[in-house]
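All values below come from the heavy atoms of this structure, side chains included, with hydrogens, waters and symmetry mates left out. Below, chain A is the first sequence line, B the second, and so on; all start at residue 1.
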Amino acid sequence: MKRTKISILIKSDKPRDNVLIKGWIRTRRDSKGFSFIEVNDGSCLKNIQVVADNSLCNYEDIKKLATGSAVAIIGSLVASMGAGQKWEMRAETIEILSLAPDTYPLQKKRHSDEFLRTIAHLRPRTNKYGAVFRIRSELSYAIHKFFRDRGFKYIHSPILTGSDCEGAGELFKVTTLDLMNPPTKDGAVDYSLDFFGKEANLTVSGQLSAEMFALALGDVYTFGPTFRAENSNTRRHVAEFWMVEPEMAFCDLTGNMDLAEEMIKYLVAYLMEECLDDLELFAKFVDKGLMSTLGNVASSDYTRLSYEEAVEILSKSGEKFEFDIDFGKDLQSEHERYLTEHHFKNPVMVYDFPKNIKPFYMRLNDDNKTVAAMDVLVPKIGEIIGGSQREERLDVLETSINEMGLSKENYWWYLDSRRFGTVPHSGFGLGFERLLMLATGTTNIRDVIPFPRTPNSIEF
RNA sequence: UCCCCAGUAGCUCAGUUGGCAGAGCAAGUGGCUGUUAACCACUGGGUCCGCGGUUCGAGUCCGUGCUGGGGAGCCA
């Protein structure tokens, strides 16, 4: 007999005989002659209520079923006499697949997120984390659907890289050398004897690869893990995270911002349509205002303002900031928060940043002091997207590489793209986990990724 | 890496001016004719984060280390 998933059963429009379910016990309530057993199989947030009569041959064992135990139940789906649910299952046989001992760490009541992080291998069995990871799965799918519907091609950019790409943050080194006794040359480690014949790292971004493919396939995107060895200890950073990076040929900064806005709106609307049950859990227990926030994000237009205008708003705000606002300095967290949470109360797109605070590949504007960069800032989380129109002019790009003290030789292949059929192109990086935080109201990034990697923490 | 806060039962926490270690939930046992994070009764459960110090006496005060959380920087 094939098992039926609980997500299917609870949506049934008629009673059904001879149904098999398999899942885990969430709670058991005993009465005089029978027990109510809540079974969850992870297919959806809801449990199915199973009624186990004391006439069942193994009823004495059934009464030992504790939270976390696994069962296979055959029975019939019938209308529930109770008020809390439409359907319930009347058990004919209950096979106990495994009995959870009383040391099972999860209880029926709520646990703190901090405690659940210490048992990250078990937390997907809770309502909240089950919901997080179902939403994460749906959001991944929606990203692919969004791009595919618009003719974008999915590029698998490499995880192992030989260049330090954009110099964005500290890199994780990848080596097969004997760390106790590495080969040296002139007092330094001799990486010519390493696996790749040169230094290698985990990628910090798929952007440079994506650019090469955008200049061949037109519109492309990457979606994969990226790594930063930055020692940052905040609720918005992890060492391993997933990034979505579209790259579009024949596209300027405005087209780039258009895509970013359209994409966020699409994804949030998609979740509100497909994951309503799970989202409502967050609206109930995590962030009371979640649904109105999401409604706003999905439907209202995002204000676009230049860095210069942002600086002006902040200067005139009368707000006392810890850090000075001055043209040429990057916006601090407190400034971003002021813009999104107080001034506009909505996502905000800031563009045309001073060139000295941005990487070499961003396109120089005609004013010679700003670049065609853009950030999407959202309330509570801050920067969720960073992107730019890329510098497509070979001479300007070479000057920029020189000015930033980088070596042209390392980027020979990147520069080739500007030698051969170069065109204006643009792209951005979206922090997948940060979008999940926005979608669920979760305030700590460690709670939206299955096994978070942070400084001093890689237990699971 | 810097600043701030916290660490007491399986979990969430209380513990007064330094004076016998507490509650709720969970767990175990029993009860209850339909429950909804069921309910009622009883029972068991402690390296008060580690180390050192002050004191007649430290969960409480001091020093230090570790762990967790929040903020900052870096960014997505």
Side-chain angles (χ1 to χ4, degrees), chain A residues 26-38 46-54 63-64 66-68 78-85 88 90 100-119 126-127 166-170 204-207 223 225-245 260 285 321-323 329-334 336-337 357-359 375-378 381-387 428-438 443-449 454-457 459:
Chain A
R26 280 296 169 75
T27 175
R28 197 193 77 241
R29 295 181 290 272
D30 295 330
S31 262
K32 178 83 173 174
F34 53 93
S35 296
F36 296 105
I37 304 169
E38 299 278 341
K46 288 199 170 73
N47 307 323
I48 190 141
Q49 172 167 289
V50 175
V51 182
D53 200 80
N54 67 356
K63 288 218 303 193
K64 295 193 182 79
T67 305
V78 298
S80 176
M81 292 156 68
Q85 57 284 314
E88 67 187 15
R90 190 152 289 277
D102 59 11
T103 49
Y104 185 62
L106 295 172
Q107 52 184 53
K108 296 183 265 193
K109 286 196 63 151
R110 263 176 103 183
H111 288 285
S112 66
D113 294 321
E114 290 81 0
F115 170 67
L116 290 171
R117 267 170 231 151
T118 69
I119 49 168
T126 64
N127 286 339
E166 39 177 309
E170 292 292 310
V204 294
S205 163
Q207 180 198 316
F223 180 20
T226 48
F227 307 87
R228 306 279 163 92
E230 211 67 53
N231 185 20
S232 41
N233 293 283
T234 82
R235 58 185 182 82
R236 305 185 306 282
H237 293 87
V238 274
E240 178 184 279
F241 64 98
W242 284 60
M243 194 150 59
V244 183
E245 294 177 287
F285 295 114
F321 294 113
E322 189 187 338
F323 292 89
K329 289 182 184 166
D330 207 354
L331 300 180
Q332 304 293 317
S333 289
E334 55 177 346
E336 297 178 354
R337 293 189 67 138
I357 58 171
K358 290 292 181 185
D375 284 353
V376 179
L377 312 175
V378 299
I381 295 160
E383 186 177 344
I384 199 168
I385 281 179
F428 61 79
L430 164 82
F432 182 60
E433 282 77 16
R434 290 191 180 171
L435 181 62
L436 262 172
M437 291 169 73
L438 176 71
T443 53
N444 194 312
I445 197 168
R446 298 175 185 93
D447 297 335
V448 296
I449 189 165
T454 53
N456 257 318
S457 171
E459 181 66 25

Show each protein N/O and nucleotides 69-72 of chain B N/O combination with a separation under 3.5 Å, one pair to a line.
| unit_1 | atom_1 | unit_2 | atom_2 | d |
| --- | --- | --- | --- | --- |
| B/G69 | OP1 | A/Arg117 | NH1 | 2.8 |
| B/G70 | OP1 | A/Asn444 | ND2 | 2.9 |
| B/G70 | OP2 | A/Asn444 | ND2 | 3.4 |
| B/G71 | OP1 | A/Arg235 | NE | 2.4 |
| B/G71 | OP1 | A/Arg235 | NH2 | 3.3 |
| B/G71 | OP2 | A/Arg235 | NE | 3.2 |

Atom pairs, protein N/O to nucleotides 22-28 of chain B N/O, distance under 3.5 Å:
| unit_1 | atom_1 | unit_2 | atom_2 | d |
| --- | --- | --- | --- | --- |
| B/A27 | O2' | A/Asp102 | OD2 | 3.3 |

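Taking the side chain as every heavy atom from C-beta outward, A/Val378 and A/Leu435 never approach each other to under 4.5 Å.
Residue A/Gly33 is classed as having no contact, given no heavy-atom separation below 4.0 Å to the nucleic acid. If you check every strand for non-hydrogen atoms under 4.0 Å, A/Glu240 touches nothing. Nucleic acid contact for A/Met81: base, since at least one base atom lies under 4.0 Å from a heavy atom of the residue. Base engagement by A/Gly84 is indicated by at least one non-hydrogen atom pair under 4.0 Å involving a base atom. In this structure, A/Phe36 reaches the bases: a heavy-atom distance under 4.0 Å links it to at least one base atom across the strands shown.
Judged by Watson-Crick or G-U wobble contacts below 3.5 Å, the nucleotide B/G59 has no partner. Pair check for B/A27 finds B/U43; Watson-Crick or G-U wobble, both atom distances under 3.5 Å. When Watson-Crick and G-U wobble pairs are counted only if both distances are under 3.5 Å, B/A9 pairs with no nucleotide at all. Checking B/A21 for Watson-Crick or G-U wobble geometry (two distances, each under 3.5 Å) identifies no partner in any strand.
In this structure, CD1 of A/Ile37 is placed 16 Å from P of B/U36, rounded to the nearest angstrom. Across the protein-nucleic acid pair, A/Glu230 atom CD and B/A76 atom P stand 11 Å apart, rounded to whole Å. Computed from coordinates, the A/Asp30 CG to B/G31 P distance equals 11 Å when rounded to whole Å. Residue A/His237 contributes atom NE2, which lies 14 Å from atom C1' of B/U1 at whole-angstrom precision.
Distances from the side chain of A/Val51 to the nucleotides B/G34, B/C74, B/U36 place B/G34 closest. Here the nucleotide nearest the side chain of A/Arg434, chosen from B/C75, B/G34, B/U12, is B/C75. Checking B/A76, B/C74, B/U35 against the side-chain heavy atoms of A/Gln85 singles out B/U35 as nearest.
Between A/Ser80 and B/G34 there is no side-chain N or O to OP1 or OP2 distance below 4.0 Å. Applying the 4.0 Å criterion to OP1 and OP2 of B/U35, one finds that A/Ser31 has every side-chain N and O outside that range.
Each of A/Gln49 and A/Pro105 has a nearest nucleotide on RNA chain B; the 5'-most of these lies closest to A/Pro105.
Of the possible polar contacts, one joining the A/Thr67 side chain to the A/Arg26 backbone as a donor-acceptor pair under 3.5 Å is found. Under the 3.5 Å distance criterion, the side-chain polar atoms of A/Glu88 are left unmatched by any main-chain donor or acceptor of A/Val78. Using modelled atom types, no side-chain atom of A/Glu245 and backbone atom of A/Gly429 make a donor-acceptor pair closer than 3.5 Å.
For a distance-only test at 3.5 Å, the side chain of A/Arg29 fails to qualify as a donor-acceptor partner of the base of B/C32.
Scanning for ring-ring contact (aromatic ring centres under 6.0 Å, His included) contacts around A/Phe34 gives A/Phe36, with sequence neighbours left out.
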